[in-house]
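Heavy-atom basis, side chains included; hydrogens, waters and symmetry copies ignored.
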Amino acid sequence: MEGNQSWIAEFILLGFQLSEDMELLLFVIFILLYTFNLLANGMILGLISLDPRLHTPMYYFLSHLAITDVAYASSHLPNMLENLVKHKKTISYFSCTMQMVSYLAFASVECLTLVVMSYDRFVAICHPLQYTVMMNWRVCTLLAIACWACGFSLAIVQVSLFLRLPFCGPQKVNHFFCEIRSVLKVTCGETWINDIFLLADGVFILIAPISLVLVSYVRILRAILKIQSKEGRKKAFSTCSSHLCVVGFYFGIVLMVYMIPDDDNREEPQKILFLFYTFFNPLLNPLIYSLRNAQVKAAFHRVLKKKRTQGRLMV
């Protein structure tokens, strides 16, 4: 792929410089983590759909969070696993574009969903008497649609701006998947418009949501402290603690990756952060909600009990 050209057939993903034996070892580790991701989030989705007691706004949005976790990981992990086991590093231009659309969209949807979940907890604790009216199923459905529509709209705009750029020379992307900032570095055209839109997206998807989450939880904390009974305060804290842990992990990693100025010396640490986000963040969500949430644990025990009862009746 020498010389100037506006269209290319494939990119070379440099990833991590490893031996073939190490790539095979990582393939085994990563495919196990990916399988656990699918099983853990599938368990959350299964519990929410099977147990009527979890048919509430909070768990409705949690199901969307589980779907986005699976979808985000599935947007680029299969290609990475294939490259590891086949010891190749190429990806077609079309597949790279689809990766950018999907990972940008699902990451944005997850961020907006977390904000909506914060709003749900704010209404539940600060306005408990109006909760069923303010968070009725029509409102919940509209909020979920808005999250998905905004996420995909932002991703399509970013990729549309990318598609106008020309390429020249060897297309070596210093990443293990088509992360948009890494791909922009191998283009020949002016990318200042892309940079401006990426910054605007960062403000809309990260800074504004973090501000809204912080405001929501400050008001939630003030409302909890006004509760007279110790048991009431404990119950209110328990309903928010799981979501707060998830928000902390998610925004903490994403801020370190995207809101710190880009620097060639930080490319390797950033790839490690992306690996952590890709593999562990989708696992943390179901683990936190299953270990710290009494309702989810109770639903799990009810489903197990129901299955055992059905098994005995069949015998």
**OP:** Might you confirm whether atom CZ of Phe251 has over 12 heavy atoms from other residues, nucleotides or ligands at distances under 6.0 Å?
**Re:** yes
**OP:** Look at atom CZ of Arg53 and say whether more than 12 heavy atoms of other residues, nucleotides or ligands are closer to it than 6.0 Å.
**Re:** no
Evaluate the side-chain proximity of [Y] to [X]: yes if any heavy-atom separation is below 4.5 Å, no if none is.
| X | Y | value |
| --- | --- | --- |
| Tyr59 | Asp51 | no |
| Ile12 | Gln171 | no |
| Lys172 | Val186 | no |
| Leu14 | Val173 | no |
| His175 | Val183 | no |

**OP:** Run through Val213, Leu212, Leu214 and flag the one making a side-chain contact (heavy atoms from CB on, under 4.5 Å) with Ile210.
**Re:** Leu214
**OP:** Of all the heavy-atom pairs spanning Pro209 and Val115, show the shortest one and how long it is.
**Re:** CB-CG2, 3.2 Å
Test of understanding: with side chain to side chain contact (heavy atoms under 4.5 Å, CB included), list the residues that count as partners of [X], not counting sequence neighbours.
| X | result |
| --- | --- |
| Val85 | Leu24, Phe27 |
| Leu221 | Leu225, Phe237 |
| Asn79 | Leu13, Glu82, Asn83, Ile91, Gln99 |
| Glu23 | Leu18, Leu84, His87, Lys89 |

Pairing residues for [X] by the ring pair (Phe, Tyr, Trp, His ring centres under 6.0 Å) criterion, not counting sequence neighbours:
| X | result |
| --- | --- |
| Tyr250 | Tyr277 |
| Tyr217 | His243 |
| Phe276 | Phe280 |

Original post:
side-chain hydrogen bond (donor to acceptor under 3.5 Å, both in side chains) with Ser182: which residues, sequence neighbours excluded?
Top reply: Glu179
**OP:** Give a yes/no verdict on a cation-pi contact between Lys271 and Phe16, requiring under 6.0 Å between NZ or CZ and the six-membered ring centre and an angle within 45° of the axis.
**Re:** yes
Can you tell me how far apart [atom1] ([X]) and [atom2] ([Y]) are? Round to the nearest 0.5 Å.
| X | Y | atom1 | atom2 | result |
| --- | --- | --- | --- | --- |
| Arg219 | Ser118 | CZ | OG | 13.5 Å |
| Leu26 | Leu33 | CG | CG | 10.5 Å |
| Leu184 | Phe162 | CG | CZ | 7.0 Å |
| Ile48 | Met58 | CD1 | CE | 9.0 Å |
| Phe106 | Thr113 | CZ | OG1 | 11.5 Å |
| Phe61 | Met117 | CZ | CE | 8.5 Å |

Original post:
Is the distance between the ring centroids of Tyr34 and Phe279 under 6.0 Å?
Top reply: no
**OP:** Not counting sequence neighbours, which residues clear disulfide bond (SG atoms under 2.5 Å apart) with Cys96? List them please.
**Re:** Cys178
Original post:
Step by step, would you call Phe274 with Phe177 a ring pair (Phe, Tyr, Trp, His ring centres under 6.0 Å)?
Top reply: CA-CA 10 Å; Phe274 263 107; Phe177 76 105; 5.6 Å; yes
Original post:
Any luck finding a side-chain donor-acceptor pair between Tyr72 and Ser102 under 3.5 Å?
Top reply: no
Let me check something: do [X] and [Y] share a hydrophobic cluster, defined by ILVMFWY side-chain heavy atoms less than 4.5 Å apart, either directly or through other members?
| X | Y | answer |
| --- | --- | --- |
| Leu275 | Val28 | yes |
| Val139 | Val109 | yes |
| Ile180 | Ile193 | no |
| Ile196 | Leu199 | no |
| Leu163 | Met100 | yes |

Determine all donor-acceptor pairs shorter than 3.5 Å in which one atom belongs to a side chain in residues 119-135; sequence neighbours excluded.
from	atom 1	to	atom 2	distance (Å)
Asp120	OD1	Tyr131	OH	2.5

Subject >> Expected output: side-chain Ser92 to main-chain Ser95 donor-acceptor under 3.5 Å >> reply: yes
Which donor-acceptor pairs under 3.5 Å do side chains of residues 38-46 form with protein atoms, sequence neighbours excluded?
from	atom 1	to	atom 2	distance (Å)
Asn41	ND2	Asn37	O	3.0
Asn41	ND2	Asn37	OD1	2.6
Asn41	ND2	Pro282	O	3.1

For residues 140-161, which side-chain N or O atoms pair as donor and acceptor with protein atoms under 3.5 Å away, sequence neighbours left out?
from	atom 1	to	atom 2	distance (Å)
Thr141	OG1	Trp137	O	2.7
Trp148	NE1	His64	ND1	3.0
Ser153	OG	Ala149	O	2.7
Gln158	NE2	Phe197	O	3.0
Gln158	NE2	Asp201	OD2	2.7
Ser160	OG	Ile156	O	2.6

**OP:** Check the pair Asn174 / Lys185 against side chain to side chain contact (heavy atoms under 4.5 Å, CB included), numbers first and verdict last.
**Re:** CA-CA 9 Å; Asn174 191 16; Lys185 290 179 180 179; over 6 Å; no
**OP:** Let me see the working for Thr35 and Leu32 under side chain to side chain contact (heavy atoms under 4.5 Å, CB included), right down to the final yes or no.
**Re:** CA-CA 5 Å; Thr35 303; Leu32 286 174; 5.6 Å; no
